[in-house]
Protein chains: 4
Amino acid sequence: MDTADLLERSYPGRRAELKRDIFRKALRLFNEQGIEATTIEMIRAECDTSVGAIYHHFGNKEGLVAALFFTALEDQARLRDAYLADATTTEEGVQALVYSYVDWVENQPEWARFQYHARYAVTRGPHKDELVERNKTRNLGLRTWLAESGRAAELNECPAELLPSLIVGQADSYCRAWLSGRVQGSPKAYRELLAQATWRSIRREPER
Amino acid sequence: MDTADLLERSYPGRRAELKRDIFRKALRLFNEQGIEATTIEMIRAECDTSVGAIYHHFGNKEGLVAALFFTALEDQARLRDAYLADATTTEEGVQALVYSYVDWVENQPEWARFQYHARYAVTRGPHKDELVERNKTRNLGLRTWLAESGRAAELNECPAELLPSLIVGQADSYCRAWLSGRVQGSPKAYRELLAQATWRSIRREPER
Amino acid sequence: MDTADLLERSYPGRRAELKRDIFRKALRLFNEQGIEATTIEMIRAECDTSVGAIYHHFGNKEGLVAALFFTALEDQARLRDAYLADATTTEEGVQALVYSYVDWVENQPEWARFQYHARYAVTRGPHKDELVERNKTRNLGLRTWLAESGRAAELNECPAELLPSLIVGQADSYCRAWLSGRVQGSPKAYRELLAQATWRSIRREPER
Amino acid sequence: MDTADLLERSYPGRRAELKRDIFRKALRLFNEQGIEATTIEMIRAECDTSVGAIYHHFGNKEGLVAALFFTALEDQARLRDAYLADATTTEEGVQALVYSYVDWVENQPEWARFQYHARYAVTRGPHKDELVERNKTRNLGLRTWLAESGRAAELNECPAELLPSLIVGQADSYCRAWLSGRVQGSPKAYRELLAQATWRSIRREPER
DNA sequence: AATGAATGAGCCTTCATTCAT
DNA sequence: GATGAATGAAGGCTCATTCAT
């Protein structure tokens with residue numbers, strides 16, 4: 001599954017063709033040049049359209065960035081929820097979170113890269129409220145799963161606010177390194193190692 | 001130890017007073033407004049100096065960002081190496097890495113926050129070569145420690161490129177969350193939990 | 001024929017009205033204040049437009065200077081080729097070159113003055129290659145005429161690279177003096193004297 | 001005779017060493033980079049001195065340009081007057097003017113090149129009155145020679161304001177072409193051809 | 001005489017956005 | 001819906017010049 005599929009999934013139909021084209025090209029430019037360094041004119045040139053058309057579809061530059069960002073977040077959550085649905089035990093659930101994270105980044109490296117850089121801009125921009133709103137809805141499934149009875153018994157005691165970092169921190173760290181080219185090995189190739197390490201670090205250890 | 005101390009350490013002497021003042025104020029503005037959104041004029045006004053003086057000392061905006069960034073990296077490495085020097089066992093070494101990371105972020109939250117955002121800019125800007133160069137020298141101590149005989153025997157087998165993410169990923173993730181205000185608990189308060197989790201995830205487990 | 005005509009000839013049509021206006025006003029300012037001393041803001045104020053419009057049409061200041069310069073060169077060549085077309089003998093050809101040079105400078109003193117000062121800037125700027133290119137095409141007619149059979153027999157032997165200076169040097173020198181106000185007499189009033197002097201200096205003299 | 005000699009001649013003595021060094025290096029920079037594009041800082045770096053020292057010796061940038069310009073003009077006039085002193089006939093005088101012009105440009109190409117570009121700046125700057133003043137004194141010898149009885153009888157009738165261009169126009173034109181690299185042949189190699197052409201163009205022709 | 005940090009007016013240029021066609 | 005010329009606020013940066021040391 002590649003970028004085109006992701007877009008077709010998010011914005012289906014023939015009418016939205018130009019919109020999807022702008023999305024695709026803007027995503028590439030934002031990653032290659034940086035969000036601030038990418039001008040509307042560059043996007044216009046790449047898409048062979050007019051600045052007016054871009055403003056017609058996305059309102060303004062921040063609107064385009066936010067739209068891309070939300071698309072990325074929601075696609076990532078979609079995969080996570082799909083993996084989580086198949087997990088029965090707590091260990092399988094943790095594995096699902098690590099696998100889905102790693103797999104999504106490797107399948108959608110452009111969207112992943114963009115998401116890392118765009119979060120800062122969107123968090124401060126006029127769409128920050130919409131972001132908070134969407135975060136809530138999007139993470140409902142995850143919170144439900146975490147809250148299921150019996151979880152606490154299988155995990156080492158630890159503050160709730162620490163848990164997300166313990167679960168996804170190592171995978172996240174490696175994915176960032178891979179996206180920035182500091183390491184070569186594909187995240188997917190290490191997903192078992194990452195999931196096992198994570199599980200060892202948070203499971204409740206048997207009493208001696 | 002606060003920001004002023006860090007600066008006095010990096011740029012000692014009376015002559016460098018203005019330079020240190022620009023540093024301090026620019027750091028704050030970059031964090032508050034964002035690097036791109038902070039203008040030279042804002043810094044000038046804050047320091048009650050002239051644009052010429054800023055350019056005289058740092059060449060240009062990118063030079064100022066790079067100087068701040070290198071200062072942060074080197075101060076962070078200084079603490080890491082100090083902690084590492086006291087570690088004897090491998091477990092203590094891993095603990096030193098986690099503790100120094102967490103402690104530095106909490107002691108220098110402004111520098112830490114800046115460093116996260118500035119890396120992207122410096123990596124792409126005209127100081128990228130200097131960054132690579134400095135990275136090499138700065139991390140010599142760490143690489144030496146990691147290469148010491150006996151390490152492999154105490155750690156679970158894993159690719160070398162994966163190890164840094166396993167060691168520092170969880171702490172890094174939590175520090176980012178704390179700096180951005182998504183969590184409240186101080187990183188230092190969790191440093192034992194983080195170090196233990198890390199160690200459990202990478203130590204070589206006894207054969208059953 | 002004045003500056004307005006020259007421009008209407010070079011950039012015809014109603015759409016180009018603003019472009020022509022910028023041209024006209026910029027030419028005057030460049031001559032009055034000097035090219036370097038003329039700021040985009042001065043041109044903007046004079047044309048009652050926006051800086052953006054100037055950049056939209058000419059790219060940047062160097063682009064505007066180059067556009068003016070090429071317009072001058074091409075208009076001058078147009079007149080030269082027209083005069084040359086009517087010449088049959090070699091003497092008439094030389095006369096055509098001197099007359100057209102002198103007449104053009106007097107008819108278009110602003111363009112002539114500008115051309116003298118802009119050559120230096122364009123030769124060193126980013127349009128230098130375009131200049132070389134255009135020089136070739138523009139001087140095709142002249143080179144053809146000079147190469148016609150029989151020329152050598154009517155002229156004193158002299159190196160080819162010296163000939164242009166012999167033909168146009170005196171007229172050029174006087175035109176510069178006139179444009180800078182060092183002399184009063186109109187170049188056109190002296191065009192016969194200049195052409196005769198030139199012809200005497202290069203014609204093949206009868207054997208004694 | 002080269003640039004160093006010219007300077008030793010104009011500013012003799014040991015104390016003036018730094019002054020001469022600034023002169024030499026500034027001349028080169030002005031020619032290589034252009035007068036406006038050369039900054040005081042560039043000159044300072046080249047001379048390994050301080051900006052203060054430059055201002056101490058020349059007042060300001062315009063003062064430095066003017067000092068260089070006057071040095072060039074006066075050296076050129078010195079050679080011209082020396083050549084003229086040896087001429088007895090009118091033809092020899094014209095020859096002396098052409099030869100001295102050509103020889104000086106070839107002996108002092110840097111000063112010649114500079115003089116062409118600096119005239120414009122000095123003519124408009126605060127030293128313009130000094131220029132007019134100096135022109136008068138400097139050209140006394142030339143005007144005396146031109147006014148000597150009998151000249152008119154040997155020259156074709158022509159307006160006085162036209163004569164300088166007739167005499168020096170061709171040589172000047174070729175020298176400019178040579179300095180700008182448009183032609184290769186050394187001016188000196190063509191000095192006889194140039195002087196002869198000039199003489200044929202202005203001498204009084206025998207009645208038929 | 002020499003130094004060089006400091007000044008600050010002013011320059012060129014960019015670019016998100018608008019709006020008449 | 002589409003176009004792209006026009007807008008103009010604002011930014012980074014330069015550089016001649018000054019002056020305290």
Side-chain angles (χ1 to χ4, degrees), chain A residues 15 18-19 22 35-45 47-65, chain B residues 15-19 22 36-45 47-65, chain C residues 15-19 22 36-45 47-65, chain D residues 15-19 22 35-45 47-65:
Chain A
R15 295 298 300 280
L18 172 60
K19 203 164 174 173
I22 296 173
I35 293 177
E36 307 249 15
T38 299
T39 69
I40 297 292
E41 163 59 23
M42 288 177 193
I43 299 171
R44 184 211 61 73
C47 302
D48 210 38
T49 178
S50 64
V51 294
I54 298 173
Y55 278 86
H56 178 74
H57 283 301
F58 300 101
N60 56 23
K61 191 178 170 182
E62 279 173 323
L64 175 53
V65 169
Chain B
R15 295 298 302 279
E17 225 156 299
L18 172 60
K19 203 164 175 174
I22 296 173
E36 307 248 16
T38 300
T39 70
I40 296 292
E41 164 59 21
M42 288 177 191
I43 299 171
R44 186 212 60 75
C47 302
D48 206 40
T49 179
S50 64
V51 294
I54 298 173
Y55 281 89
H56 183 74
H57 285 299
F58 300 102
N60 55 23
K61 191 178 170 183
E62 279 175 322
L64 174 53
V65 169
Chain C
R15 295 298 301 280
E17 224 157 300
L18 172 60
K19 203 165 175 173
I22 295 173
E36 308 247 16
T38 300
T39 70
I40 295 292
E41 163 58 22
M42 288 177 192
I43 298 171
R44 186 211 60 75
C47 301
D48 207 41
T49 179
S50 63
V51 294
I54 299 174
Y55 280 88
H56 183 74
H57 285 299
F58 299 102
N60 55 23
K61 192 178 168 181
E62 280 176 321
L64 174 53
V65 169
Chain D
R15 295 298 299 282
E17 221 156 303
L18 173 59
K19 204 165 173 173
I22 295 173
I35 292 176
E36 306 249 16
T38 300
T39 69
I40 298 292
E41 163 58 21
M42 287 177 193
I43 299 171
R44 183 211 63 72
C47 300
D48 210 39
T49 180
S50 64
V51 293
I54 297 173
Y55 276 86
H56 177 73
H57 283 301
F58 300 101
N60 56 23
K61 191 178 170 181
E62 279 175 323
L64 174 53
V65 169

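Numbered from 1 within each chain, the chains take letters A, B, ... in sequence-line order. The structure presented is a predicted model; accordingly, all values stated were derived computationally and were not measured.
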Look only at the side chain of C/K19 and the backbone of C/F58, and say whether a donor-acceptor pair between them is shorter than 3.5 Å. no

Which comes earlier along DNA chain F counting from the 5' end, the contact point of A/D48 or that of D/E41, where each point is its nearest nucleotide? A/D48

E/dA1 versus F/dT21 - spacing of their C1' atoms, nearest Å: 13 Å

Less than 4.5 Å apart, any side-chain heavy atom of D/M42 and any of D/T39? yes

Specify the residue among B/G59 and D/K61 whose closest nucleotide of DNA chain F lies further upstream toward the 5′ end. B/G59

For the OG1 atom of B/T49 and the NE2 atom of B/H57, what is their distance to the nearest 0.5 Å? 7.5 Å

Counting only Watson-Crick or G-U wobble pairs whose two distances fall under 3.5 Å, which nucleotide matches E/dA5? F/dT18

Note: D/C47 and D/I22 closest approach over all heavy atoms is SG-CA, 3.7 Å

Ignoring the backbone of D/V51, work out which of E/dG4, F/dA6, F/dG12 is nearest its side chain. E/dG4

Output the rounded distance in Å from NE2 (C/H57) to P (F/dA5). 8 Å

Counting side-chain heavy atoms from C-beta on, which of E/dA2, E/dA16, F/dT18 comes nearest to A/I40? E/dA16

D/Y55, nearest nucleotide to its side chain (from F/dA6, E/dA6, F/dA16): F/dA16

Could you please name the option among F/dT7, F/dG12, E/dA16 that lies closest to any side-chain atom of C/S50? F/dT7

Do any side-chain nitrogens or oxygens of A/T49 fall under 4.0 Å of OP1 or OP2 in F/dT3? yes

Against A/E62, only a single residue in A/L64, A/V65, A/N60 fulfils side-chain contact (heavy atoms from CB on, under 4.5 Å); can you say which? A/N60

Whole angstrom is fine here: how far is it from CZ in D/R44 over to P in E/dA2? 15 Å

How many Å lie between CG on A/L64 and P on E/dC15, as a whole number? 16 Å

Can you tell me how far C1' of E/dC11 sits from CD1 of C/I43, to the nearest Å? 12 Å

Whole angstroms only, please: what is the CZ-C1' distance between A/F58 and F/dG1? 15 Å

Euclidean distance, atom CG of residue A/L18 to atom P of F/dA2 [Å, nearest integer]: 7 Å

Across the strands shown, which category fits C/H56 at heavy-atom distances under 4.0 angstrom: base, sugar-phosphate, nothing? base

Heavy atoms from C-beta onward define the side chain here; which of E/dA16, F/dT17, E/dT7 lies closest to that of A/T39? E/dA16

Rounded distance (Å) that lies between atom C1' of E/dA6 and atom NZ of B/K19: 15 Å

If you assign each of C/M42 and B/G52 to its closest nucleotide in DNA chain E, which residue comes earlier from the 5' end? B/G52

Tell me: CD1 of A/I35 to C1' of E/dA16, nearest whole Å? 16 Å

